[in-house]
Visitor: 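Please see the structure below; I have some questions.
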Amino acid sequence: GKTPVYYEDAAYTVVLRDGAKADGAHIKAEANGSRLPTEAQWEYAARGGVPGTTTPWTYTYAGSNTIDDVAWYDRNAYDIGESNPAYGTHIVKTKAANVLGLYDMSGNVREWCWEKYSTESADRVVRGGSWYYTAVSCTVAARVNYYPGSRDSSIGFRVVSP
């Protein structure tokens, strides 16, 4: 019963890296359905609130300055080798939550955000680091870009609803 957030507009076309064209998705601002977070919403959630409040805005990772408390990343999920049962992605809530009660905002899988990485690119912003990458990529401040069609075990998503 919710209004879909995304809609297709045949008049809006994106030229992909291989020269192909794809219809573009747009957002209905007044919609009440689920969607990908904006980059600002993702960072607010990962940091655990607003700067200047009593919320610990200064954490390096989502919920801690100690990465092993809150994240699956290369040292504890990739470097251990494929034969180890802890290799790869993990079930959510196996590490500590941040102050908003959100899990895995750092590490485990990178998360898609709505925005393009830059105005010159079709690539989208991805945040949070993953089990496959280093601690630096898991910091709350880190941001990278991926082509929208990218798919692998280090990328996931989180939805938001009004």
Side-chain angles (χ1 to χ4, degrees), residues 2-48 59-63 67 70-82 84 86-95 98 100 102-162:
K2 294 190 175 203
T3 304
V5 174
Y6 301 112
Y7 68 97
E8 292 293 323
D9 181 350
Y12 178 77
T13 304
V14 176
V15 178
L16 305 175
R17 284 185 183 170
D18 60 6
K21 295 183 178 182
D23 291 337
H26 294 278
I27 296 177
K28 291 181 184 174
E30 71 283 358
N32 63 357
S34 299
R35 61 176 172 74
L36 291 174
T38 65
E39 189 174 6
Q41 288 170 328
W42 186 94
E43 188 162 340
Y44 178 94
R47 289 193 182 276
Y59 284 149
T60 303
Y61 308 100
I67 190 168
V70 294
W72 294 106
Y73 67 113
D74 69 340
R75 291 267 174 99
N76 63 12
Y78 176 75
D79 293 348
I80 59 175
E82 291 183 45
N84 190 307
Y87 180 84
T89 58
H90 289 76
I91 295 170
V92 176
K93 295 187 178 183
T94 55
K95 294 288 186 177
N98 72 4
L100 295 178
L102 299 172
Y103 294 85
D104 294 329
M105 296 292 295
S106 288
N108 210 11
V109 294
R110 290 179 165 169
E111 299 177 0
W112 291 104
C113 293
W114 171 251
E115 287 88 359
K116 288 183 178 181
Y117 189 76
S118 71
T119 56
E120 299 83 34
S121 171
D123 288 4
R124 297 289 178 166
V125 173
V126 184
R127 301 288 299 266
S130 84
W131 68 276
Y132 186 83
Y133 293 98
T134 65
V136 172
S137 75
C138 294
T139 64
V140 175
R143 67 190 296 262
V144 296
N145 59 307
Y146 274 83
Y147 182 66
S150 299
R151 302 289 181 266
D152 68 42
S153 64
S154 71
I155 306 171
F157 64 94
R158 181 180 306 259
V159 296
V160 296
S161 293

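Every heavy atom of this structure was used, including side-chain atoms; hydrogens, water molecules and symmetry mates were not. As the structure is a prediction and not an experimental result, all values here were calculated from the model.
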Visitor: Tell me the closest heavy-atom pair linking Ala31 and Val5, and the distance in Å.
Guide: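 Result for this residue pair: CB-CA, 3.7 Å.
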Visitor: Set out, in order, the CA-CA distance, both residues' side-chain angles and the distance that settles side-chain contact (heavy atoms from CB on, under 4.5 Å) for Glu111 and Arg127, then state yes or no.
Guide: CA-CA 5 Å; Glu111 299 177 0; Arg127 301 288 299 266; 5.6 Å; no
Visitor: How close do Ser130 and Cys138 get, heavy atom to heavy atom, and via which atoms?
Guide: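 Answer, listing the atom of Ser130 first, then Cys138: N-SG, 3.9 Å.
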Visitor: Does atom OH of Tyr132 have more than 12 heavy-atom neighbours, drawn from other residues, nucleotides or ligands, at distances under 6.0 Å?
Guide: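 No, because the 6.0 Å sphere around OH of Tyr132 holds 12 heavy atoms or fewer from other groups.
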Visitor: Kindly indicate whether a cation-pi arrangement holds for Arg110 with Tyr146, taking the cut-offs as under 6.0 Å to the six-membered ring centre and within 45° of the axis.
Guide: no
Visitor: Mind running ring pair (Phe, Tyr, Trp, His ring centres under 6.0 Å) on Tyr87 and Trp131 for me, showing each step along the way?
Guide: CA-CA 8 Å; Tyr87 180 84; Trp131 68 276; 5.1 Å; yes
Visitor: If I compare all heavy atoms of Arg143 with all of Val125, which pair ends up nearest, and what's the gap?
Guide: NH2-CG2, 3.3 Å
Visitor: For the pair Asn108 (side chain) and His90 (backbone), establish whether a donor and an acceptor sit closer than 3.5 Å, ignoring hydrogens and angles.
Guide: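 It does hold such a pair.
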Visitor: OG1/Thr134 to CZ/Arg75 distance, rounded to the nearest 0.5 angstrom?
Guide: 9.0 Å
Visitor: Just by modelled atom types, is the Val109 backbone N or O under 3.5 Å from a matching donor or acceptor in the Asp104 side chain?
Guide: no
Visitor: Could you grab the distance from atom CD of Glu115 to atom CD of Gln41, nearest 0.5 Å is fine?
Guide: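 Taking CD in Glu115 and CD in Gln41, the distance rounds to 8.0 Å.
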Visitor: Quick check against the 3.5 Å criterion: does Asp74 have a side-chain atom that pairs as donor or acceptor with the backbone of Tyr78?
Guide: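 Checked: no pair found.
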Visitor: Out of Thr94, Ile91, Val92, which residue meets the side chain to side chain contact (heavy atoms under 4.5 Å, CB included) rule with Tyr103?
Guide: Val92
Visitor: Strictly by modelled atom types, are Ser34 and Ser161 linked by a side-chain donor-acceptor pair under 3.5 Å?
Guide: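 A donor-acceptor contact under 3.5 Å links the two side chains.
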Visitor: Around atom NZ of Lys93, are there more than 12 heavy atoms from other residues, nucleotides or ligands closer than 6.0 Å?
Guide: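 No, the 6.0 Å shell around NZ holds no more than 12 heavy atoms from other groups.
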Visitor: Tell me the closest heavy-atom pair linking Thr3 and Asn32, and the distance in Å.
Guide: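 Reported closest heavy-atom pair: N-OD1, 2.6 Å.
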Visitor: From Glu43 CD over to Met105 CE, what is the distance, rounded to the nearest 0.5 angstrom?
Guide: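 If we round to the nearest 0.5 Å, Glu43:CD and Met105:CE are 9.5 Å apart.
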Visitor: Is any side-chain heavy atom of Asp123 less than 4.5 Å from a side-chain heavy atom of Tyr147?
Guide: yes
Visitor: Please check: side-chain N/O of Asn84 versus main-chain N/O of Asp79, any donor-acceptor pairing under 3.5 Å?
Guide: no
Visitor: Restricting to non-hydrogen atoms, name the atom on Ile80 and the atom on Ala86 that form the minimum distance, rounded to 0.1 Å.
Guide: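 In terms of heavy atoms, the two residues are closest at CD1-C, 3.4 Å.
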Visitor: Determine, step by step, whether Trp72 and Thr89 satisfy the side-chain contact (heavy atoms from CB on, under 4.5 Å) criterion, reporting the C-alpha distance in whole Å, the side-chain angles of both residues, the deciding distance to 0.1 Å, and the verdict.
Guide: CA-CA 8 Å; Trp72 294 106; Thr89 58; over 6 Å; no
Visitor: Might you point out which heavy atoms bring Trp42 and Cys113 nearest each other, and give the distance in Å?
Guide: CB-SG, 3.8 Å
Visitor: Would you say Tyr59 and Val140 make side-chain contact, with heavy atoms under 4.5 Å?
Guide: no
Visitor: Using modelled atom types only, decide if a donor and an acceptor are shared between the side chain of Arg124 and the backbone of Trp114 within a distance under 3.5 Å.
Guide: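 Yes; at least one donor-acceptor contact below 3.5 Å.
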